[in-house]
Amino acid sequence: MSSEVIVTIGGERRSVPLGTRIRELLDGARRREIVAARVNGRVVDLGSPIDADAEVEPIAASSPEGLEVLRHSTAHLMAQAVQGLFPGTQVTIGPVIEDGFFYDFAPPRPFTVEDLPRIEARMRELAKANLPVERIEESREAARERFRAMGEDYKVEIIEQIPESTVSLYRQGGWLDLCRGPHVPSTGYLRAFKLTSVAGAYWRGDEHNPMLSRIYGTAFASKEELEEHLKLLEMARTRDHRKLGREMGLFIFDPIAPGSPFFLPKGAIIYNQLIDYIRRLYARYGFDEVVTPQLYKNQLWHTSGHWENFRENMFLTTDGENRSGELDYAFKPMNCPGHTFIYGAEKRSYRDLPLRIADFGRLHRAERSGTLHGLTRVRAMAQDDAHIFCTPEQVESEIDLNLRMVRDIYGALGFEQMEAKVATMPEKHLGEERMWRETEATLGRALERNGLAYELNPGEGAFYGPKIEIDIPDALKRRWQLATIQLDFNMPERFDLTFTTSAGTEARPVMIHRAILGSLERFIGVLLEHTGGVLPFWLAPEQARVLSLSEKVEGYAGEIAGLLKGKGFRASADLRNEKLGFKVREAELAKVPFMAVVGEREAEARSVSLRRLRGAKSEVMTLDALIELLKAEPLPS
Ligand SMILES: [Zn+2]
Ligand SMILES: [Zn+2]
């Protein structure tokens, strides 16, 4: 048996002794940047020995996979610091999440943000000590006994659910954790990290289990990248839509209706302006709006497949006369099944197609209480939802039409960039692969025709058809998946929908589900954070506010507000006996784009002193000029 193996690294083939550690293959200059390696496709520690011919690809700390290694290693570092500082704390799990990591602890008392600086300081000491991080493999039984002896009940529970007979542990200094790895070679690799927040979290996300104390943090390959990220995080805090919603008087929540926003008059203006705008596009693009029932007998959900696949997320109910106790109705979580009845209500011919029906109907979804988050994760919502029933030949032009709408809408709302994906055939799917591949290619071509570069999202389509997903990066560099255009070959089958072809035969229509804003609630949340509340003029709940300098000009201020309202603008007058600075600050907090200040001089000259939101100086102008200025504000085409 040969004691040499062939290693390919950086395009170079080398013969090295069997058992050589990956670390030894890296050249010195790059050593500190590399945190792990992919060996024959598997991500492993740099300390792993090479035991066969291998393709080795070093993983840099700044790459997505490298960041995961770095962040999870930082989670370990944090847990080590926490257990050192807070004796009696048990560890549970500490996964990597988008932009960082967390670790859930069972401490004698819950952690607070005041604990974080101390933990961070201890982490820095441990990083400075550059403790080697060592992988240990042992039998599941031995590991279980080890953690039992340590009083780590949660780890014991985790180990008992591992099917493999051998488990791996990682040790640094005297501290160790059950873990698959991989990890950085030593704690000295962890140079740029920050603990960001604390929260309560139930063990395994189940509210019947004990409440744990979660600490969130993040780590980057360099201090500069960490700083940049923290800056965005701070911006996100000031732009949190829940905070803006309060400051701008847009919506409230109450525990009486969990996850269900109450839109206040100003919030309802934004809501309805969006709907009005989409309605104008519907008229232009040939969609017909329908209004459909909220409650359906469960039979509908059995036919549609929601009963089987979505029931946990549905609200079930019954009527007051029903004494059997059976919950025989459910609130719709989606409009699609209802729309099949509109299609099926008449005999359809190819001449009727495409049939495009749109619905702003309210939807209810029983999202788990732990996942609810302001407007971005709610239980009650409406979507700019539409379903298109068409012939297979029409799919291409219908996709085109919807992509044109996508461009119009995002352009009007100030989202310049779009990232498109085609989610392709999953392992479990209906229909033949050939049909899937053809349809996926059709979607790809449509995206290209509409000037949208796209990536494939392999295997991520629904089992009933491929999908176009449009992601929007916002001002905080976060990605939101907004529009979806989903082909569906299944629902027409389930509801036995047909049309008569030009040859007189019966055929199945294709159903396309599409939403561009998605849920209006979530969209408003995203838009508020993207714009920091400074909405396009046509969406601003209050477009102009007249601020009076004294009692003497109350009449004049009121007159201007009335004049603007008469011209169709949303305007008001702040006539309170308060200092101008105070009134301006309040108008700024409410994100009113135009503030018209009037004192005696303005009243005499029939003018205003106009301030713009975030503008540096004010400008004196006549009332006619003011109206012209507001009229010149762009409206969505
Ligand atoms: Zn781990
Ligand atoms: Zn649908």
Side-chain angles (χ1 to χ4, degrees), residues 281-290 292 296 299-306 334-359 385-406 422-426 428-450 452 454 461-468 483-516:
L281 289 183
Y282 281 162
R284 191 189 312 161
Y285 282 97
F287 285 75
D288 292 311
E289 197 177 330
V290 295
T292 53
Y296 296 85
Q299 184 202 332
L300 178 81
W301 312 114
H302 285 291
T303 308
S304 69
H306 284 81
M334 299 178 194
N335 292 307
C336 358
H339 288 184
T340 66
F341 282 79
I342 290 180
Y343 181 92
E346 284 173 43
K347 181 139 182 58
R348 304 288 178 181
S349 113
Y350 69 98
R351 278 182 238 274
D352 301 327
L353 305 183
L355 181 72
R356 308 185 188 103
I357 48 183
D359 199 327
D385 193 16
H387 294 97
I388 299 156
F389 299 89
C390 64
T391 69
E393 295 72 36
Q394 289 167 336
V395 165
E396 197 152 352
S397 54
E398 288 307 302
I399 301 287
D400 266 342
L401 175 135
N402 279 288
L403 288 175
R404 286 204 301 277
M405 266 181 101
V406 165
V422 175
T424 64
M425 187 179 82
K428 255 183 68 186
H429 59 266
L430 294 171
E432 286 170 32
E433 177 162 1
R434 193 179 52 86
M435 177 192 71
W436 273 84
R437 298 307 176 208
E438 278 174 19
T439 322
E440 289 162 14
T442 304
L443 298 186
R445 278 198 307 273
L447 286 165
E448 279 168 7
R449 259 201 311 281
N450 287 278
L452 286 161
Y454 70 97
F463 70 94
Y464 48 80
K467 170 166 73 166
I468 290 178
T484 55
I485 304 174
Q486 166 81 61
L487 262 53
D488 187 343
F489 307 115
N490 182 234
M491 207 167 290
E493 194 85 36
R494 283 177 175 266
F495 286 94
D496 194 22
L497 306 182
T498 58
F499 69 95
T500 312
T501 65
S502 56
T505 56
E506 293 286 285
R508 287 247 183 266
V510 176
M511 187 171 179
I512 303 173
H513 309 250
R514 53 107 280 188
I516 296 177

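Annotation for A483 and V406: closest pair CB-CG2, 4.2 Å, computed over non-hydrogen atoms. Heavy atoms only, all atoms of each residue included: V510 and P392 are closest at CG2-CA, 3.9 Å. Residues T498 and R348 come closest through the heavy atom pair O-CB, 3.9 Å. Taking each heavy atom of R356 and P354 in turn, the nearest pair found is NH2-CG, 3.5 Å.
Here CG of N490 is found 10.5 Å from CE of M511. Values are rounded to the nearest 0.5 Å. Atom CD1 of I485 sits about 10.0 Å away from atom CE of M405, to the nearest 0.5 Å. Between the CD atom of Q394 and the OH atom of Y350 there is a distance of 11.5 Å, given to the nearest 0.5 Å. To the nearest 0.5 Å, the span separating CG on D400 from CG on L447 amounts to 9.5 Å. Distance CG/L452 to CD1/I468: 8.5 Å, rounded to 0.5 Å.
A heavy-atom distance below 4.5 Å is found between the side chains of L300 and F341. Contact check for P337 versus T303: no side-chain heavy atoms found under the 4.5 Å cut-off. D352 is not listed as a side-chain neighbour of F499, based on a closest heavy-atom distance of 4.5 Å or more. Put simply, the side chain of I357 does not reach to within 4.5 Å of the side chain of Y343, judged on heavy atoms.
Within 6.0 Å of atom CD in E432, 12 or fewer heavy atoms from other residues, nucleotides or ligands are found, so the atom counts as exposed in its surroundings. Atom CD of Q299 has 12 or fewer neighbouring heavy atoms from other residues, nucleotides or ligands inside a 6.0 Å radius.
Contact check on R445 versus E448 returns no salt bridge, with no Lys/Arg side-chain nitrogen under 4.0 Å from an Asp/Glu carboxylate oxygen. Salt bridge status for D385 with R514: absent, with no side-chain N to carboxylate O gap under 4.0 Å.
Remark: side-chain polar atoms of R508 are paired, donor with acceptor, to backbone N or O of L497 under 3.5 angstrom. E396 places no side-chain N or O within donor-acceptor distance of the main-chain N or O of T442, the cut-off being under 3.5 Å. Panel note: side chain H339, backbone C336; no donor-acceptor pair is recorded below 3.5 Å. Between the side chain of E440 and the main chain of P466, no donor-acceptor pair closer than 3.5 Å is present.
A search for side chain to side chain donor-acceptor pair (under 3.5 Å) contacts involving R351 returns nothing, not counting sequence neighbours.
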- Task: Evaluate side chain to side chain contact (heavy atoms under 4.5 Å, CB included) for N450 paired with I399, printing each intermediate quantity in order.
- Result: CA-CA 10 Å; N450 287 278; I399 301 287; over 6 Å; no

- Message: Under the criterion side chain to side chain contact (heavy atoms under 4.5 Å, CB included), I'd like the reasoning laid out for F389 against E398: C-alpha separation, chi angles, the key distance, then a yes or no.
- Response: CA-CA 10 Å; F389 299 89; E398 288 307 302; over 6 Å; no

- Kindly indicate, with the supporting measurements, whether the criterion side chain to side chain contact (heavy atoms under 4.5 Å, CB included) is fulfilled by F287 and I388. CA-CA 9 Å; F287 285 75; I388 299 156; 4.2 Å; yes

- Task: Test side-chain hydrogen bond (donor to acceptor under 3.5 Å, both in side chains) on E506 and T501 and set out the steps.
- Result: CA-CA 6 Å; E506 293 286 285; T501 65; over 6 Å; no

- Apply side chain to side chain contact (heavy atoms under 4.5 Å, CB included) to the pair M491 and H387, showing each step before the final yes or no. CA-CA 11 Å; M491 207 167 290; H387 294 97; over 6 Å; no

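Because its NZ or CZ atom is not both nearer than 6.0 Å to the ring centre of Y285 and within 45° of the ring axis, R404 does not count as a cation-pi partner of that residue.
Ring orientation note: the planes of W436 and F489 are nearly perpendicular, at an angle over 60° on the 30°/60° scale.
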